[in-house]
There are 2 protein chains.
Amino acid sequence: MPQMLARNLGRHINATVTILGWLYNKRSSGPIAFLEIRDGSGWTPAVVNKEAVTAEVWRSVEAATQESSVSVTGKVAQHPKREGVYELQVTDFQILQLAHDYPITKKEHGPEFLMDHRHLWLRSRQQWAILRLRDAVTTAVNEYLHQQNFIRLDTPIFTPNACEGTTTLFPVEYFDLGTAYLAQSGQLYLEAAIASVGRCYDFGPVFRAEKSKTKRHLTEFWMMDAEAAFVEHDENLKIQEGLVRHIIRYCLEHCQEELAIRERNLDNLRQADAPFTRYTYKQAIKKLNELGSDIKYGEDLGNDDEGRLTKNSAVPVFIEKWPKEIKPFYMKRDPNNPDVVFNADLIATEGGGEIVGGSQREERVDVLIERMKSEGLNQADYEWYLDTRRFGSVPHSGFGLGLERVVRWIAGAEHIRECIPFPRTIGRLRP
Amino acid sequence: MPQMLARNLGRHINATVTILGWLYNKRSSGPIAFLEIRDGSGWTPAVVNKEAVTAEVWRSVEAATQESSVSVTGKVAQHPKREGVYELQVTDFQILQLAHDYPITKKEHGPEFLMDHRHLWLRSRQQWAILRLRDAVTTAVNEYLHQQNFIRLDTPIFTPNACEGTTTLFPVEYFDLGTAYLAQSGQLYLEAAIASVGRCYDFGPVFRAEKSKTKRHLTEFWMMDAEAAFVEHDENLKIQEGLVRHIIRYCLEHCQEELAIRERNLDNLRQADAPFTRYTYKQAIKKLNELGSDIKYGEDLGNDDEGRLTKNSAVPVFIEKWPKEIKPFYMKRDPNNPDVVFNADLIATEGGGEIVGGSQREERVDVLIERMKSEGLNQADYEWYLDTRRFGSVPHSGFGLGLERVVRWIAGAEHIRECIPFPRTIGRLRP
């Protein structure tokens, strides 16, 4: 019988096909067994009628346990009750490998138990949906950025420089060359590369040795950094908005089953695909104070503040032009108000928090050197980076998007550790 | 004037447009200046006629130096001599930032000098072409694997296990959890994940603390690992061949300018897009001995041997079914000949060397445990991996593709260090 993916059964009504996969669920009602089979592409119900199969097949069905690998052959039919769902009317059923005592059962398991069994937990319907949404977000990012004339340009993990302080860096002994640090961002390298290719992005793991135990922190996570020559502040925001809206549209189009499993509110997602709101930092502080926050001008926004600001917003919110004192040396000051820089953070709807952060970069070498001095950075470490301002410096901007944060938002997940296949946190290095 | 990309000029003949970019080259012949402008998307000639511009514009043209950033406005015209090439007939020219003494000049520079200036060297035409080919190879891989129902699934960099021995691992102190090692492959994690999603791949940096100084070794490089449930040896090779042929076709279609800059022999590339040759290891040894190699059965192939085997081949060559003694524990033995395993290495044409390696995996838990014991591995470290064989084990296969090696082959580059934006070798951690 031709092998078929569960996902594609609807195209083959009345055909007899074979699905290779795993038994997800089974219940019996006298001479009828109702199976749920998953094969990686999706799920399908399969019905076995004792009268319609051989005694041997029926014995196999009876013997099969949760997560046994199986080969199931049957006729494809419209599900009698559920529109758009198809089922297999089983004619043959074989156990490939019988699973004994699969550790994850229907009872409640604690998060530590599930994380200890992450290699098996991934098989659950919810985790499957998140993995596939993560793939879709990644594909959407690659697609949109190429449409906007960016190319992918991988930046190094082993770096001699610290981009934003050394306290959260992982050091590695690097042969006879001393200490290397695992990258936290490829931005400085991308700033050099745009003078070759115009627009480029990296998309890979970055590392933060942060001793934070929140729902939003991982020690290893995936970041997309984009950088573009001749792009200034307003266009930078336009590209970010276009990217995030493309991600939403892509997932709505390609991940209907996954979003349904997540019970994601699709109307909310659809409404987020509209022009984003823009507050200056100053406006945001004023609004937050009105909403009851005690945040003061000059302070960073916490989770609660981000939530307050977007609580009644159908679309993500940019907070732009932050005070220069709380932002890094490379951000360009607004010539009309040199107390603030040309940056923006993008806060997602529905408690999604910050998903993108970016800025226009300072392109004048003398100003940049002065900033580095006042931040106590060692100029010698950055000579190569300063070369980008000495030889054909151009106005340019960039931004970083945290993959797990976007996946968490799109999938409506509670904890970021579910949004990466094998999470690494301060307390977890296994499996 | 509308800003335009150099790459798209041909669509706008007779229009007056502005290019924002860098001055790559300049020569003057009396009252005519011939400029070459690059803007990241490509290169365009620009001609300035002293009579046709203001005195100020002419002074700017005279003052402009190599790698100065510039804004060039002019009318688009067919190049008088070169078919399919367009030029700007300049009406305005402004220097955005004047570059003084750009370090990379037309004279020969040694490789160490160029690598010390990698952040600038990337701007050269040859390096630009390689960066864009790398992006194209990456895109082709993502495209093909999705067509084949794989999803991207990122595996962790911080790992507690050593996949193939610890001598070439980079250790990192990981909070209170002891030592983590930087990943050399995500294979074991993918083998767990296929039981969730069926087919998946990772594509990210991997690390090897190898003290090798060859043209093919980096300490940090990009690897794509793919893994598929219910795929056995023959189908595994079919997927690999399909992938490599897709990469060839994609680059031929999308990177004509880049391949021309590299002076790549396109006929050779086109001919490689045909059914690949398959030798068993045993046949390969016999053939190598006939060709003058002194390699003995049971030895690994060196660079020279790989070159000999493919020297007269128009297509890449699989070498399959290697002796089990020189291959890792997880490879499945051929039931018809238990001295060999169901694996294959793929050797590229034209001296490209090994670009892909893969195998069918042993799916029986008892056989796997026995293999691990005989290789002296600590079973406790692999309990989570063995779970994949205990709970719904299925026949499965996978392979790894080295991105830089493929780029080196497609781009016809001599040294692998040119095939990654910022290479890391035993002697290099900067810039």
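Everything numeric here is computed off the predicted structure, so don't read it as measured data. Letters A, B, ... mirror the listed sequences (proteins, then strands); counts begin at 1.
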Give, as side chain, backbone, both or neither, the part of B:S68 having an atom under 4.5 angstrom from any heavy atom of chain A.
backbone

Is a salt bridge present between A:E210 and A:R424, judged by a nitrogen-to-oxygen distance below 4.0 Å?
no

What residue in B:D39, B:L177, B:I157 has the most heavy-atom pairs under 4.5 Å with chain A?
B:I157

Contact class of A:Y102 relative to chain B, heavy atoms under 4.5 angstrom
both

So, do B:V394 and B:E363 sit near enough that their side-chain heavy atoms are less than 4.5 Å apart?
no

Is a salt bridge present between A:E257 and A:R132, judged by a nitrogen-to-oxygen distance below 4.0 Å?
no

At a 4.5 Å cut-off on heavy atoms, which part of B:F203 comes close to chain A: side chain, backbone, both, or neither?
backbone

Ranking A:N142, A:D154, A:L98 by heavy-atom pairs under 4.5 Å to chain B gives rank one to A:D154

Between chain A and each of B:A193, B:P171, B:P205, B:G42, count heavy-atom pairs under 4.5 Å; write down the option with the most.
B:P205

Near-ring test A:W22/B:F230, centroid separation under 6.0 angstrom:
yes

Check each atom of B:W128 against the heavy atoms of chain A and say whether the ones under 4.5 Å are side chain, backbone, both or neither.
both

Pick from A:Q127, A:Q126, A:R118: which one makes a side-chain hydrogen bond (donor to acceptor under 3.5 Å, both in side chains) with A:E418?
A:Q127

Lys/Arg cation over aromatic A:W43: A:R125, 6.0 Å, 45° cone:
yes

Could you walk me through whether A:D135 and B:H146 satisfy the side-chain hydrogen bond (donor to acceptor under 3.5 Å, both in side chains) test, starting with their C-alpha distance in whole Å, then the side-chain angles of each, then the deciding distance to 0.1 Å, before giving a yes or no?
CA-CA 10 Å; A:D135 172 62; B:H146 278 94; 2.8 Å; yes

The interface call for B:H100 against chain A, heavy-atom contacts under 4.5 Å, is backbone

At a heavy-atom separation under 4.5 Å, does B:T425 approach chain A through its side chain, its backbone, both, or neither?
backbone

Non-hydrogen atoms of chain A under 4.5 Å away: do they reach the side chain of B:E173, the backbone, both or neither?
backbone

Between A:V172, A:T219, A:T388, A:T139, which has the largest tally of heavy atom pairs under 4.5 Å with chain B?
A:T219

If you count heavy-atom pairs under 4.5 Å between each of A:P423, A:A99, A:G392, A:G204 and chain B, which one has the most?
A:G392

Considering only NZ, NE, NH1 and NH2 on the basic side and carboxylate oxygens on the acidic side, decide whether A:R134 and A:E258 come within less than 4.0 Å.
no

Heavy atoms only, distances under 4.5 angstrom: which of A:A229, A:P103, A:P395 has the most pairs with chain B? Name it, please.
A:P103

As an exercise: rank B:P421, B:S69, B:A195, B:S124 by heavy-atom pairs under 4.5 Å with chain A and give me the winner.
B:A195

Counting heavy-atom pairs closer than 4.5 Å to chain B, which one of A:R152, A:R7, A:E191 comes out on top?
A:R152

Please say whether more than 12 non-hydrogen atoms of neighbouring residues, nucleotides or ligands are located less than 6.0 Å from CG in A:D176.
no

Counting only non-hydrogen atoms closer than 4.5 Å, does B:D101 touch chain A with its backbone (N, CA, C, O), its side chain (CB onward), both, or neither?
backbone

Do the rings of B:Y385 and B:Y382 sit parallel, tilted or perpendicular, given the 30° and 60° boundaries?
perpendicular

Portion of B:L131 that has a non-hydrogen atom of chain A nearer than 4.5 angstrom:
both

Please classify the contact between A:P156 and chain B as side chain, backbone, both or neither, with a heavy-atom cut-off of under 4.5 Å.
both

Contact origin within B:I420 toward chain A - heavy atom pairs under 4.5 Å
neither

Please identify, among B:V70, B:L23, B:I426, the residue contributing the most non-hydrogen atom pairs under 4.5 Å to chain A.
B:I426

I need the residue from A:I95, A:L96, A:L153, A:D116 with the largest number of non-hydrogen atom pairs under 4.5 Å to chain B.
A:L153

For A:L133 against A:C255, the heavy-atom pair lying closest together:
CD2-CB, 3.6 Å

Which one wins on heavy-atom pair count under 4.5 Å against chain A: B:H119, B:E67, B:R38?
B:H119

Side chain proximity check, A:F175 to B:L429, heavy atoms < 4.5 angstrom
no

Do A:R389 and A:F391 meet the cation-pi criteria used here (NZ or CZ under 6.0 Å from the six-membered ring centre, within 45° of the axis)?
no

Verify salt bridge (charged side-chain N to carboxylate O under 4.0 Å, His left out) between A:R428 and A:E220, making sure each step is shown before the conclusion.
CA-CA 11 Å; A:R428 177 162 301 281; A:E220 174 183 338; over 6 Å; no

At a 4.5 Å cut-off on heavy atoms, which part of A:L120 comes close to chain B: side chain, backbone, both, or neither?
side chain

